[in-house]
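This is a predicted model, so every value here is computed, not measured.
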Amino acid sequence: MLSGISALLGALRALERDNGQAVLATVVKVEGSAYRRPGARMLIPLYGGTVGTISGGCLESEVAKKAWWLTDGGEAVIRRYSTATQDDDDDQDAALTFGLGCNGTVHVLLERHSAEKPLAVLELLRQVRESSQAGAVATVIGSYRNARVRVGDRLCLHPSLGDNGRLLDSALDAEVRADLQRTLTDGRSSLRSYRDAHGDIEVFCEYLAPQRRLVIFGAGHDAQPLTHMAKLLDWHVTVVDGRAHFARAERFPDADTVLQVDARPPYDLHALTDGAMVAIMSHSYSQDRHWLGSVLLGTPAYIGQLGPRDRTERLLDEIRQHSPHLPALERLHYPIGLDIGGDTPESVATAILAEMTAAINLRAGGMLKHRQAAIHTPTPLDCSDIETAARLTAS
């Protein structure tokens, strides 16, 4: 079972094996409301079905149907799709309107990929996945007529890559590279504009995150749906338990790794849990005390402890007797999960993953009907003046 980037990279390997070709569709800009955000991708092989999504299902068929025709000349192109109720613009270059009432416009970059002309961004995605190190890529998505740079031109940034050429003139290249480094440091994508002597260039600076990692301490029945659901999110999942009869790979066919580890000191799994989402749910008081006390000394991104509040507080009291300073205590969530009221293993897994996702996105995890702001945070737009984006669209 593959999803997300894993599915896309799997399809890419199949293409390479068969010497096939594909069109890559990438959401590079969103105005107003849209289901997917900039960076969403769909691979459209010459033969076979598409892989990935760029919307909630309303755009995929239209994009797949015309992607090969639109890129017939070999050049990358931007296609705009509107989800407004109706299209009042008679201009032939206006966005295609689907009448969904979402009042958004999605800008999709279409590019050919083949063994003879591979796309650098796909190799960068592969490097990010294999190295577990983040990357960043600057992609030109708008420029003036007769510009030296074209839509689809790129600069990539990753520890495995050396200097990968120039995009603009030397002064602007330095500015783009600085913004790419800032993208990598901040861990978020943004739209940016640059100006050379002749006009404006719009660039999508995209942050490519490494695969999210989940470590589950406890290989009981309730860890099975949690593992399955996490893989649907394209997370890397490791299941750990001190009991050999629980920590068996056949019990967790979706897991990337299943480990049987002695739940007694010393703890040597910090390389596994640092930076990861951690769920402690062994249903063993002694195991939970060992795993919780150990991960609290590291730097996990999130720690969740299953069980009643008073049980976890007793665990913490005992842990503090040996380790008074617990650096990761502020990242501890107990009882783990959002309050959705379920009691089956599947509903508990849903609550756990919902809280983890909320924590990753710095959200409280409440009902959207109570949210006053937009559902999605807009991609930051860094333009030198308010007219730049309009000029780029017009050109």
Side-chain angles (χ1 to χ4, degrees), residues 212-227 229-230 235-248 251-252 255-340 343 345 347-360 362-365:
R212 183 70 59 183
R213 293 181 292 117
L214 170 63
V215 181
I216 304 171
F217 287 103
H221 297 304
D222 51 356
Q224 293 171 325
L226 180 58
T227 299
M229 292 180 186
W235 292 8
H236 183 282
V237 181
T238 300
V239 179
V240 182
D241 203 301
R243 300 160 293 195
H245 58 290
F246 279 142
R248 302 200 315 269
R251 297 188 68 241
F252 295 90
D256 295 277
T257 308
V258 178
L259 301 175
Q260 192 265 312
V261 179
D262 192 358
R264 292 175 295 182
Y267 176 85
D268 59 357
L269 298 178
H270 283 300
L272 180 67
T273 55
D274 285 354
M277 314 299 286
V278 176
I280 301 172
M281 46 195 301
S282 73
H283 300 278
S284 162
Y285 191 85
S286 61
Q287 279 208 55
D288 281 3
R289 181 176 54 206
H290 172 66
W291 303 129
L292 179 59
S294 300
V295 297
L296 283 171
L297 296 175
T299 57
Y302 167 103
I303 310 168
Q305 174 67 58
L306 186 73
R309 184 180 304 275
D310 62 347
R311 178 182 185 271
T312 300
E313 289 176 349
R314 280 189 285 121
L315 286 170
L316 289 172
D317 287 341
E318 295 178 18
I319 290 167
R320 287 191 183 98
Q321 294 176 13
H322 304 282
S323 304
H325 179 57
L326 302 173
L329 186 60
E330 64 179 14
R331 299 172 188 170
L332 174 61
H333 298 248
Y334 68 94
I336 190 174
L338 295 185
D339 181 9
I340 62 173
D343 65 353
S347 60
V348 170
T350 300
I352 291 172
L353 280 176
E355 183 181 61
M356 288 181 173
T357 302
I360 291 168
L362 304 178
R363 297 290 183 89

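Contact record, Leu306 with Arg311: O-NH1, 3.6 Å, taken as the closest heavy-atom pair. Nearest heavy-atom pair across Arg251 and Gly220 is NH2-C, 4.1 Å. Nearest approach of Val239 to Thr227, heavy atoms of both residues: CG2-OG1, 3.7 Å. Counting all heavy atoms, side chain and backbone alike, Leu214 lies closest to Ala230 at CD2-CB, 3.6 Å. In this structure, Ala247 and Val258 approach most closely via the heavy-atom pair C-CG1, 3.7 Å. What you find for Ala223 and Gly218 is that their closest heavy atoms are CB-O, 3.3 Å.
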*Would you check, one step at a time, whether the test side-chain contact (heavy atoms from CB on, under 4.5 Å) holds for Ser323 with Leu296?*
CA-CA 9 Å; Ser323 304; Leu296 283 171; over 6 Å; no
*Applying side-chain contact (heavy atoms from CB on, under 4.5 Å), run through His270 and Thr299 and close with a yes or a no.*
CA-CA 8 Å; His270 283 300; Thr299 57; over 6 Å; no
*Hey, mind stepping through Trp235 and Leu353 against side-chain contact (heavy atoms from CB on, under 4.5 Å) and telling me if it holds?*
CA-CA 11 Å; Trp235 292 8; Leu353 280 176; 3.6 Å; yes
*asked:* Run the side-chain contact (heavy atoms from CB on, under 4.5 Å) test on Ile336 and Val348 for me, step by step, so that the C-alpha distance in whole Å, both residues' side-chain angles and the decisive distance to 0.1 Å come before the verdict.
replied: CA-CA 9 Å; Ile336 190 174; Val348 170; 5.9 Å; no
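Distance check, rounded to the nearest 0.5 Å: OG1 of Thr312 to CZ of Arg289 gives 13.5 Å. With rounding to the nearest 0.5 Å, the separation of CG in Leu338 from OG1 in Thr350 is 10.5 Å. To the nearest 0.5 angstrom, His221 atom NE2 is 9.5 Å from His283 atom NE2. Distance check, rounded to the nearest 0.5 Å: CD of Gln305 to CE of Met281 gives 10.0 Å. Considering CD1 of Ile352 and OG1 of Thr357, their distance stands at 11.5 Å, rounded to 0.5 Å. To the nearest 0.5 Å, atoms OG (Ser282) and CD1 (Ile216) are separated by 12.5 Å.
Without hydrogens or angle criteria, Asp288 side chain to Ile280 main chain gives no donor-acceptor distance under 3.5 Å. Of the possible donor and acceptor atoms, one in the side chain of Gln287 sits under 3.5 Å from a partner among the backbone N and O of Gly242.
Looking at Val295, Thr238, Val240 one by one, the single match for side chain to side chain contact (heavy atoms under 4.5 Å, CB included) with Leu269 turns out to be Val240. Checked against Trp291 for a side chain to side chain contact (heavy atoms under 4.5 Å, CB included), the options Val261, Thr273, Asp241, Val215 give a single hit: Val261.
Using a 4.5 Å cut-off on side-chain heavy atoms (C-beta onward), Val237 and Leu226 make no contact. In this structure, the side chains of Leu272 and Leu259 come closer than 4.5 Å at one or more pairs of heavy atoms.
Taking a 6.0 Å sphere around CG of Asp339, one finds it holds 12 or fewer heavy atoms contributed by other residues, nucleotides or ligands. Residue-environment remark: NE2 (His245) exceeds the threshold of 12 foreign heavy atoms within 6.0 Å.
Using cut-offs of 30° and 60° for the angle between ring planes, the Tyr267 and Phe217 rings count as tilted.
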